[in-house]
Every structure is written in structure tokens, then in C-alpha cells.
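For reference, the structure is listed below as C-alpha cells.
FYI, side chains are in, hydrogens and waters are out, and symmetry mates aren't considered; it's all heavy atoms of this structure. First the proteins, then the strands, lettered A, B, ... as listed; each starts at 1.
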Number of protein chains: 2
Amino acid sequence: MKKIRDFQEFVSKGERLYLRHLSVDCVIFGFHDDSLKVLLLKWKDGGHWCLPGGFVKKNEAVDDSATRILKDRTGLDDIFLQQFHAFGDPFRDRNKELLSIQGKSGKWLMERFITIGYYALVEYSKVSPQPDWLSEECKWVDIHKLPKLIYDHQDIVRKALAELRRSLNDHPIGYNLLPEKFTMPELQRLYETVLDKTLDRRNFQKKMLSLKILERLKERKTGGAHKAPYLYRFDKKKYAKAVKQGLRFGF
Amino acid sequence: MKKIRDFQEFVSKGERLYLRHLSVDCVIFGFHDDSLKVLLLKWKDGGHWCLPGGFVKKNEAVDDSATRILKDRTGLDDIFLQQFHAFGDPFRDRNKELLSIQGKSGKWLMERFITIGYYALVEYSKVSPQPDWLSEECKWVDIHKLPKLIYDHQDIVRKALAELRRSLNDHPIGYNLLPEKFTMPELQRLYETVLDKTLDRRNFQKKMLSLKILERLKERKTGGAHKAPYLYRFDKKKYAKAVKQGLRFGF
DNA sequence: TAATTATTGTGTTGAACAAACACAATGATG
DNA sequence: CATCATTGTGTTTGTTCAACACAATAATTA
């Protein structure tokens, strides 16, 4: 992929390259330090925060646009990605004065955009956040400590989180959000964080094990200042089979 | 609203009026004769079947486009409407040769469209299906006996049904799909149809009543050749309260 | 008008699951 | 080697779910 040097070049090429009025925004979830994080960008100009996003090439599937954006910001392929909502209010991106667009060629950017929202589940430690040409910074932010975001990006995050919660009942999110090996307490804290409530340790373990998609490994010693918990990993075969049959968690 | 006289006028005005590359398609569900129906249109030209759809005006919220389309095809306001997916494959509407567009002004219609899918739940008897200017016919079709549909409209229906099933756990669909007064067997057959499986009559009733959103009325005599079942209706207050707290059906 | 028939209304039981809870084992710390 | 926070496991109790049976009723018919 050819790199776009600067803003002006991007703006003038954009009109030829992209579908008008249509963008993609991604809510990229990660889990670290017992909290749920979202990957955000900070604009060079003005320091405003926003979600990683981009546009749809004229011959590109919208899903592929999302995949491309994710790859650009995280360096990762093969990400779990889920389209969840299209945001189509005509005033959703009204205050475009935030962008300092000059010249006639940038007009397309000032027009109204409908954006299609995707959320992604990634393994925190595998991501190397990369700012785009617009941004000075790309970093993880605790979902409960979000800065003010541009446009309706706050709503987009809220909706993404709501959909993530909804999907808890069908989809074992630990598979995508945790490293390959993890402990039961870690898995539990993930669920507690997403659901924003505490769960009973013993009942949680029973429920998880009853799904028969986990495999228990040897002890883990290092680090923790207390009794070393077992490590688990997902059993891919059983996992795939279970998902196909339709898992029912009870959250 | 000014009526659009014919195809050519529509095509030439469209470019000024609508956002490019963006459409809305609606899967309108109704329930009648113990079966789930979808409202379809049949084109004058070629007799192809499709979903009711339309385009997004330059200053119109996408949700409002869907509402407008629904009003035009059914005559109804205040419809339960739910956006469920954006279909963004570049070849999804490839075979545009189905449309016989002539003239330069129609070019916009031949380009690629991303369509945003909505499903609606309506009370069958209240709908008076109205063809649009493209169509000779607008009618209800059993969801299990669909004709061949244009483009990816079959996929759109499939996805809508999947989402409807998913929503069964949070949303009491009977409220939108049945007439104000209905019997327990009717409600049950609705669920059986949507889920495509039979349910135990007694357990179903217990579950429904335990939600405390139904109000039982007097007997119903007319019609049925057997014991007359009670009539029920939704108790709007309790219903609203329950939905807000998050219903959990167990399907 | 009384028997027939299909359907509705209701209740019970046993099994599966969920919530609440207690105690022993462990590994680092001082 | 005693302490401490945390993990591993099991029991009890109540709730929900699945499977099932029988009496009541409204139109039909004999």
C-alpha cells in the first residue's frame, strides 16, 4: 500500500479514491490491568480525540475497509470484527470546523458522512498502536475514563459496548480478548469488567467449565503474590463446535 | 409529498435529491394465517421481486428514510423499526441490467450501492400494501415461500430473520405483530413460527404470564369450532417498565 | 337434545440449573 | 514458620424448565 504523505495529498486524492458520504469507524476493545480499553487517536491539529476510522474505496467491500483500518492502526490481521450499527444522522458530524480543510479539493470531506460502526476484539499485548497521518497519538484508553470525543463518537462507543454485552450470551469473548493462556480469575475479571458487575467466583468457574471449551494446563508460578492459579486455554475444536451449535451463556 | 410521475423523472431528479451510493431496504414482517409474512414488490419491468426500499435524501436522517419508505408502502406511521445491518459488498447489486435505465441522467443509479437494512414489525391487518412507481404489485409473501429476489435481497431477509430471532430474548414481538387483542394460542403460534419449532402449550403460557405484561380479558366466542380461548392484551405500563428493566425470555 | 370431538385451562413432578455460602490448600511475605 | 491473600473445590437450597394428565367447554353431529 502506498503511503499517503500528508493531509493535503490525502484530501485531494480522496475524492477519486473513496465513496462519497460514507465512512467506517472502529471501536477496538482490549483488556489490560483488569480494565476494558478502547483504542483512540488524538489529532495533531487541536488535540481532539476520535475513534480510528477511514473511508471506503470505490471498489472495496465495507467489511474490507474495516479490516484495512484495523490493520493500519494495530498491525494485526485476522481480527475478530463485528459490524454493529450505521450512524446516519445528518448532523452527527456537523462541527467540521475542527478540521482545517483548505482548497476546493477538500470539499468532499466537509460534506455529510454516514458512518458504519464496527467493533473489534483484540489481544492487548499484540497491538502496536499506530497513529495515522492526521494524528499525533494512538493509544489505549480505559472505557470508563474516555476523554471528550469528536462528533457522535461517544455514542458509537456506547452502542458498541452495548452490543458487546449483548453478544456475551452467544460468543466466548475471552477467546479474542485474552492471551492464549490465562487464568480463571483473569477470565472472570474480563466478564466482570464488561458486564460491570461482580460475579461469584465459584459459580463462574462452574459455568465456564461446564461449556467444555476450556483446557486446563499446568500451574503458573511467577508473579502473583499468592496461591498460583491454573492456566487455561481454549480448546479450538470444542470451541468451534460449541459456537456452531449456539452457545448459551447465562449472563 | 410531491408524487413522482414516472421513472424518467425520478431518475433525473434523483441525482440532486439523494445521497450517492446509499440506499435503504426494509424487511417488513407481518403475521397472518399462522405464518410469518414479508412484504415484497414486483417490478413492472421483468417481474422481478424485491424488498421495499428507497434512497436517503441529502438532509435526511437514515432512520427517517426508512420511516418514510415504510409509510409509503404500508400507509402506517409509528411502526416498530430496527436497523440491523449494512450490506456493503461491491458486487451485491451487480446485475443492474435488470433496470432499464436510459440517458445520462440515470448514471447515478447504475453505480454501486451500500444498503442499510431495517426490519419492521407491523400488524398485518392494518397494512394496505402500496406498490411504488417501479412496481406493479406489492404483497405479502410467506417467508418460507419466497420467490427469487434480486441482488442480495435473499440474504437481507435471512439476516433480518436471524436478528428477529435474536431479539426474541429481549423484545416481546407480539406487541408489534399481533392485533390489540389476541389469544394465548395465537401468541404461541407466533413464537413457534418465528422460532420454527413447536413449544409446549402449558409451559409457554406459564412463561408468558410470569412476565406480568399481559392482561386477561373476557371470553371470545365467535369463530373457533372448539372451546373459546381467553383474549389477552399487553398492559402498556407494565410492558414499558419491563422492557426498560430488560426482559429475559428464555428462548 | 345428548353424545362427540378438538381444543383450551390448569396443576404436578422430577430434573437441571443458579445463587448463596464455607473451608481447606497454596505460595509469597516477613 | 506463622501470616495473609488468594485459589480450588463441594454442599445446600431455591428457582426455573421440561415433560406430562386430566377436567372444562363450545361447536358439531347423530
Side-chain angles (χ1 to χ4, degrees), chain A residues 33-34 165 168-170 172 174 178-179 181-193 195-233 242 245-251, chain B residues 33-34 165 168-170 172 174 178-179 181-193 195-233 242 245-251:
Chain A
D33 278 345
D34 290 350
R165 279 191 186 146
L168 274 193
N169 284 307
D170 321 314
L178 293 178
K181 299 176 184 179
F182 52 88
T183 67
M184 194 58 75
E186 281 166 358
L187 184 62
Q188 181 178 344
R189 280 192 287 271
L190 170 59
Y191 275 81
E192 289 181 332
T193 305
L195 291 167
D196 201 21
K197 69 177 178 191
T198 60
L199 301 169
D200 182 273
R201 195 164 56 85
R202 295 148 284 189
N203 295 332
F204 179 82
Q205 162 145 332
K206 260 177 286 182
K207 186 181 292 186
M208 279 299 158
L209 293 181
S210 74
L211 297 170
K212 308 281 187 195
I213 56 177
L214 293 180
E215 177 188 3
R216 186 158 97 175
L217 310 174
K218 307 287 180 288
E219 292 267 325
R220 141 205 223 200
K221 50 178 181 298
T222 178
H226 303 290
K227 179 171 178 179
Y230 285 105
L231 283 171
Y232 291 84
R233 80 174 144 214
Q245 289 176 354
L247 277 186
R248 311 300 331 295
F249 297 70
F251 295 109
Chain B
D33 280 346
D34 291 349
R165 279 191 186 146
L168 274 193
N169 285 308
D170 321 315
L178 293 177
K181 299 174 183 180
F182 52 88
T183 67
M184 195 57 75
E186 282 166 357
L187 184 61
Q188 181 179 343
R189 280 191 288 271
L190 169 59
Y191 275 80
E192 289 181 332
T193 305
L195 291 168
D196 202 22
K197 69 177 177 192
T198 61
L199 302 169
D200 182 273
R201 193 165 57 86
R202 295 149 284 190
N203 295 334
F204 180 83
Q205 161 144 334
K206 260 175 289 183
K207 187 182 291 186
M208 279 298 157
L209 294 180
S210 74
L211 298 170
K212 308 282 187 195
I213 55 175
L214 293 180
E215 177 188 3
R216 186 157 96 173
L217 310 173
K218 309 284 178 292
E219 293 267 323
R220 141 205 224 200
K221 50 177 182 296
T222 177
H226 302 290
K227 177 170 179 179
Y230 286 105
L231 284 170
Y232 292 84
R233 82 175 142 213
Q245 291 176 353
L247 277 186
R248 311 298 333 295
F249 297 70
F251 293 107

What's B:Arg220 touching, base or sugar-phosphate or nothing? Going by heavy atoms closer than 4.0 Å. nothing

Could you go through A:Leu211 and A:Phe249, starting from their C-alpha distance and side-chain angles, then the distance that decides it, and tell me whether this counts as side-chain contact (heavy atoms from CB on, under 4.5 Å)? CA-CA 8 Å; A:Leu211 297 170; A:Phe249 297 70; 3.4 Å; yes

Take A:Leu214 and A:Arg233, measure what side-chain contact (heavy atoms from CB on, under 4.5 Å) needs, and give me the verdict at the end. CA-CA 6 Å; A:Leu214 293 180; A:Arg233 80 174 144 214; over 6 Å; no

Candidate pair A:Glu186 and A:Asp34, rule side-chain contact (heavy atoms from CB on, under 4.5 Å), full reasoning: CA-CA 8 Å; A:Glu186 281 166 358; A:Asp34 290 350; 5.8 Å; no

Does a distance-only test, which skips hydrogens and angles, find a donor-acceptor pair under 3.5 Å between the side chain of A:Arg202 and the base of C:dA18? no

Which nucleotide in C:dG9, C:dG27, D:dA27 has an atom nearest any side-chain atom of B:Ala225: D:dA27

Return yes if the base of D:dA19 and the side-chain atoms of B:Asn203 contain a donor-acceptor N/O pair under 3.5 Å, otherwise no. yes

May I ask you to establish whether B:Lys197 and B:Tyr191 are in a cation-pi arrangement, using a distance under 6.0 Å from NZ or CZ to the six-membered ring centre and at most 45° from the ring axis? no

Test for a donor-acceptor pair under 3.5 Å between the base of C:dT26 and the side chain of A:Lys227, counting only N and O atoms. no

Between D:dT11 atom P and A:Asp200 atom CG, what is the distance in whole Å? 16 Å

Rounded to the nearest 0.5 Å, how far does CG of A:Leu231 lie from CE of A:Met184? 11.0 Å

The helix from C:dT1-D:dA30 to C:dG30-D:dC1: angle between terminal helix axes, five bp per end, to the nearest 10 degrees, reads 0°

Quick one: label A:Arg248 by what it contacts on the DNA or RNA (base, sugar-phosphate, nothing), any heavy atom closer than 4.0 Å. nothing

Show the nearest heavy-atom pair for residues A:Gly174 and A:Leu187, with the distance to one decimal. CA-CD1, 4.1 Å

Would you mind reading off the distance between B:Leu217 atom CG and C:dG9 atom P, rounded to a whole angstrom? 12 Å

If I take atom CG in residue A:Leu199 and atom P in nucleotide C:dA18, what distance separates them, rounded to the nearest angstrom? 13 Å

So what does A:Lys206 touch, heavy atoms closer than 4.0 Å: a base, only the sugar-phosphate, or nothing? base

Atom-to-atom span, NZ of A:Lys207 to P of C:dA20 - whole angstrom: 12 Å

Any donor-acceptor N/O pair under 3.5 Å between D:dG8 base and A:Arg201 side chain: yes

By the definition side chain to side chain contact (heavy atoms under 4.5 Å, CB included), identify the one residue from A:Ile213, A:Leu209, A:Leu217 that meets it with A:Tyr232. A:Leu209

